[in-house]
Amino acid sequence: MNAQAEEVSSVVDIVKLALSLVFVVVGISAFYYFSDLQLLYRVLVLVAVLVVAIAVAFTTAKGRGLWGFMLESKQEFKRIVWPTKDEAVRTTLMVFLMVFIVGLILWLLDMFLFWGVQLLMSQGIK
């Protein structure tokens with residue numbers, strides 16, 4: 001009996017998602033179809049239609065799952081320990097310094113390899 005209930009809710013969810021997609025398509029089409037109206041009114045109607053479409057989509061199982069994920073993400077975001085300004089500045093300067101040092105090492109390596117290839121090539125030509 002539970003599998004049948006899940007199947008019915010799955011079909012209802014698919015219909016709801018299709019209906020929300022239809023709302024979005026109709027809202028965008030109406031936005032361009034009624035181009036003779038003021039832009040403010042068209043934008044307000046489009047935003048209202050998009051809100052309705054999102055509300056319908058959030059009534060599905062996937063929508064409720066997405067909403068739960070968003071709430072958990074918000075809680076997790078509050079637990080983040082942000083670095084102080086001094087730590088951020090120090091870390092940024094260390095990154096710049098390391099990039100400069102690695103760039104210098106690679107430039108020197110390239111210069112010596114180029115010099116070595118030129119030396120080998122000049123010996124082979126004579």
Side-chain angles (χ1 to χ4, degrees):
M1 186 68 185
N2 192 18
Q4 187 179 14
E6 287 181 19
E7 184 178 318
V8 170
S9 70
S10 174
V11 170
V12 171
D13 285 351
I14 291 171
V15 169
K16 286 180 181 179
L17 288 173
L19 182 63
S20 66
L21 182 63
V22 167
F23 280 147
V24 170
V25 170
V26 167
I28 292 172
S29 299
F31 178 83
Y32 288 108
Y33 182 76
F34 295 109
S35 61
D36 54 332
L37 294 176
Q38 287 186 5
L39 181 64
L40 174 66
Y41 297 136
R42 292 187 298 149
V43 169
L44 288 176
V45 169
L46 180 62
V47 167
V49 169
L50 291 178
V51 166
V52 169
I54 291 171
V56 170
F58 274 137
T59 61
T60 64
K62 288 186 185 278
R64 287 188 297 273
L66 178 65
W67 183 252
F69 175 75
M70 289 168 47
L71 292 177
E72 289 175 15
S73 297
K74 183 179 176 186
Q75 291 173 352
E76 195 67 31
F77 192 74
K78 289 179 182 178
R79 293 184 203 155
I80 295 174
V81 177
W82 296 100
T84 63
K85 182 180 178 182
D86 187 46
E87 290 172 336
V89 168
R90 246 186 294 149
T91 305
T92 303
L93 290 176
M94 286 300 295
V95 168
F96 283 149
L97 180 66
M98 290 305 299
V99 167
F100 178 76
I101 290 171
V102 169
L104 184 65
I105 290 170
L106 289 175
W107 175 70
L108 288 172
L109 179 65
D110 182 54
M111 187 176 66
F112 284 123
L113 287 174
F114 184 71
W115 174 75
V117 169
Q118 275 187 337
L119 183 67
L120 288 173
M121 295 296 288
S122 65
Q123 288 179 357
I125 294 175
K126 292 180 182 181

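For the numbers below, each heavy atom of this structure counts, side chains included, while hydrogens, waters and symmetry mates do not. In what follows, residues are counted from 1 in the order of the sequence shown.
Aromatic rings from Trp107 and Phe114 are positioned such that their centres are separated by 6.0 Å or more.
Test Leu37, Val43, Val45, Val49 against Phe31 for side chain to side chain contact (heavy atoms under 4.5 Å, CB included) and you get one pass: Val43. Each of Val24, Ile28, Val51 was scored for a side chain to side chain contact (heavy atoms under 4.5 Å, CB included) with Leu46, with one residue passing: Ile28.
Hydrophobic cluster membership is shared by Tyr32 and Leu50, with clusters built from Ile, Leu, Val, Met, Phe, Trp and Tyr side chains linked at under 4.5 angstrom. In this structure, Leu66 is a member of the same hydrophobic cluster as Leu71, with clusters built from ILVMFWY side-chain heavy atoms closer than 4.5 Å. Cluster membership check: Leu39 shares its hydrophobic cluster with Val47, using side-chain heavy-atom separations under 4.5 Å among Ile, Leu, Val, Met, Phe, Trp and Tyr.
With hydrogens and angles disregarded, a donor-acceptor distance shorter than 3.5 Å links the side chain of Asp13 to the backbone of Ala61. Looking only at distances, no side-chain donor or acceptor of Glu72 sits under 3.5 Å from a matching main-chain atom of Phe69. No donor-acceptor pair closer than 3.5 Å links the side chain of Thr91 to the backbone N or O of Ala88.
A distance of 12.5 Å separates NZ in Lys78 from OG in Ser73, rounded to the nearest 0.5 Å. Atom CG of residue Leu19 and atom OG1 of residue Thr59 lie 9.0 Å apart, to the nearest 0.5 angstrom. Interatomic distance, Leu44 CG to Gln38 CD, rounded to the nearest 0.5 Å: 10.5 Å.
Atom CE of Met98 has 12 or fewer heavy atoms from other residues, nucleotides or ligands within 6.0 Å.
Of all heavy-atom pairs between Ala53 and Ser20, the closest is O-CB, 3.2 Å. Annotation for Ser122 and Leu119: closest pair OG-O, 2.9 Å, computed over non-hydrogen atoms.
Looking only at side-chain heavy atoms (C-beta outward), Asp36 and Phe34 come within less than 4.5 Å of each other. Here the side chains of Phe58 and Val56 are not in contact, with every heavy-atom distance at 4.5 Å or above. Taking 4.5 Å as the limit, some side-chain heavy atom of Met70 sits within range of a side-chain heavy atom of Trp67.
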Can you check side-chain contact (heavy atoms from CB on, under 4.5 Å) on Met111 and Leu108, steps first, answer last? CA-CA 5 Å; Met111 187 176 66; Leu108 288 172; 3.8 Å; yes
Step-by-step side-chain contact (heavy atoms from CB on, under 4.5 Å) determination, Val99 to Phe96: CA-CA 5 Å; Val99 167; Phe96 283 149; 5.6 Å; no
Could you walk me through whether Arg90 and Asp86 pass the side-chain contact (heavy atoms from CB on, under 4.5 Å) check? CA-CA 6 Å; Arg90 246 186 294 149; Asp86 187 46; 2.6 Å; yes
